[in-house]
A.B. asks: 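Can you read through this structure? Questions will come right after.
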There are 2 protein chains.
Amino acid sequence: MKLSSKSRYAVMALVDLARFDDIYPVSLRDISLRQGISLDYLEQIFSKLKKNEIVKSIRGTQGGYVLNKNPNDIKLTNIFHAVDEKVKTVQCKKESKRGCNGKATKCITHNLWDELEIHINTFFENKSLEDLIRNNKQTRV
Amino acid sequence: MKLSSKSRYAVMALVDLARFDDIYPVSLRDISLRQGISLDYLEQIFSKLKKNEIVKSIRGTQGGYVLNKNPNDIKLTNIFHAVDEKVKTVQCKKESKRGCNGKATKCITHNLWDELEIHINTFFENKSLEDLIRNNKQTRV
DNA sequence: TCTAAACTTGACCAATTTAGTCAGGTATGT
DNA sequence: ACATACCTGACTAAATTGGTCAAGTTTAGA
Ligand code: FES
Ligand code: FES
């Protein structure tokens, strides 16, 4: 059960970006330097964030990225969904009536994993970028 | 963020076992057949469960495995720990003062991931095998 | 108008992890 | 003795991860 670097980077980058994007667009190069994330990798990540309308891009010199929504409306769920991070605790297809090992009914632990999945997703749904910025501003001098 | 099959199987097998182990030892072969899990794989898993004193083994004909503790004292945490499933949301070494990308301080999202880890682990600590058996008995006719 | 900064896209890859299989054992109730 | 069932370690194919690399396109500013 671990979180991928891609997701961790996505959130890191967005928190970094959110601190300045109201002043000027933030370039990936800056984020890369400040957060120590590979520029090429960031580009992959932001391409997805853009497709999911979490950020907007501004091309050309002095360009960069800007948030496309209010930080309060960007939940962890949205970010994770954008970069294809998914919480997968069950093995079976959720929609199907069939169980994991090809059985006709759900297995004896199915409900447990389902509960777990909901437990985790709840955390993601309740946490917004706004929360993270606030938290981070507090720790800055 | 996904749960490994090994962990899922471990819990499945223990729930299966717990339903009969007060009557007679349960062989892995039976569990394998009932739950559709590879016997060889189960053996790996039970070797670890035994090392962690979650089950006891009884060798020879009519042998099998039996729980080594009260189902109420076997938490998901214990099972996961036994099969080396670990929740890992931060990238850095927890004990160290250093951050992930080799920086001298913790990164801007460190606290968030730490919170997430606690959130998930809490679920594991509160859920016992007893809970699962009870739940499963209800769904049996 | 030229140029450099910055976004855009897609291919490629090494290392690790996962989810097992396989091939041998050893212990013991009947 | 022998079948049953535990025990152990080596091995591996496939998927995933965490990137790199190369070759663009767009646009602000000199
Ligand atoms: S996990 Fe859904 S049926 Fe087993
Ligand atoms: S995750 Fe701990 S410092 Fe970045």
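The structure presented is a predicted model; accordingly, all values stated were derived computationally and were not measured. Just so we're on the same page: letters track the sequence lines, and every chain starts at 1.
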A.B. asks: In terms of side-chain heavy atoms of B:K2, which of C:dA19, D:dC7, D:dG24 is nearest?
C.D. replies: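 So the nucleotide nearest the side chain must be C:dA19.
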
A.B. asks: Which residues in residues 47-55 of chain A have at least one heavy atom lying under 4.0 Å from any atom of DNA chain C?
C.D. replies: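 Residues of residues 47-55 of chain A under 4.0 Å from DNA chain C: A:K50.
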
A.B. asks: OP1 or OP2 of C:dC22 sitting under 4.0 Å from any side-chain N/O of B:Y41?
C.D. replies: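 The answer is no; no side-chain N or O of B:Y41 sits under 4.0 Å from OP1 or OP2.
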
A.B. asks: Whether B:Y65 contacts D:dC7 is assessed here as follows: a side-chain N or O lying under 4.0 Å from the phosphate OP1 or OP2. Is that the case?
C.D. replies: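 B:Y65 to D:dC7 OP1/OP2: side-chain N or O found under 4.0 Å.
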
A.B. asks: So, OP1 or OP2 of D:dG19: does either fall under 4.0 Å of a side-chain N or O from A:Y9?
C.D. replies: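 For D:dG19, OP1/OP2 do have a side-chain N/O of A:Y9 under 4.0 Å.
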
A.B. asks: Would you mind telling me which residue lines up with the more 5' stretch of DNA chain C, A:T61 or A:F46, judged by nearest nucleotide?
C.D. replies: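 The 5'-side residue here is A:T61.
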
A.B. asks: Please tell me if A:S27 has a side-chain N or O lying less than 4.0 Å from either OP1 or OP2 of C:dA5.
C.D. replies: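 No, no such contact exists.
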
A.B. asks: Take atom CG of B:L28 and atom P of D:dC7, then tell me their distance rounded to the nearest Å.
C.D. replies: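 Distance, rounded to whole Å: 8 Å.
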
A.B. asks: Between C:dA19 and B:S5, is there an OP1 or OP2 to side-chain N/O distance shorter than 4.0 Å?
C.D. replies: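 Checking C:dA19 against B:S5, a side-chain N or O does come within under 4.0 Å of OP1 or OP2.
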
A.B. asks: So, is B:S38 near the phosphate of C:dT21, with a side-chain N or O under 4.0 Å from OP1 or OP2?
C.D. replies: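 True: B:S38 side-chain N/O within range (under 4.0 Å) of C:dT21 OP1/OP2.
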
A.B. asks: OP1 or OP2 of D:dA5 sitting under 4.0 Å from any side-chain N/O of B:S57?
C.D. replies: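 Checking D:dA5 against B:S57, no side-chain N or O comes under 4.0 Å of OP1 or OP2.
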
A.B. asks: What distance separates B:L67 CG from B:E53 CD, expressed to the nearest 0.5 Å?
C.D. replies: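 Going from the CG atom of B:L67 to the CD atom of B:E53 covers 13.5 Å.
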
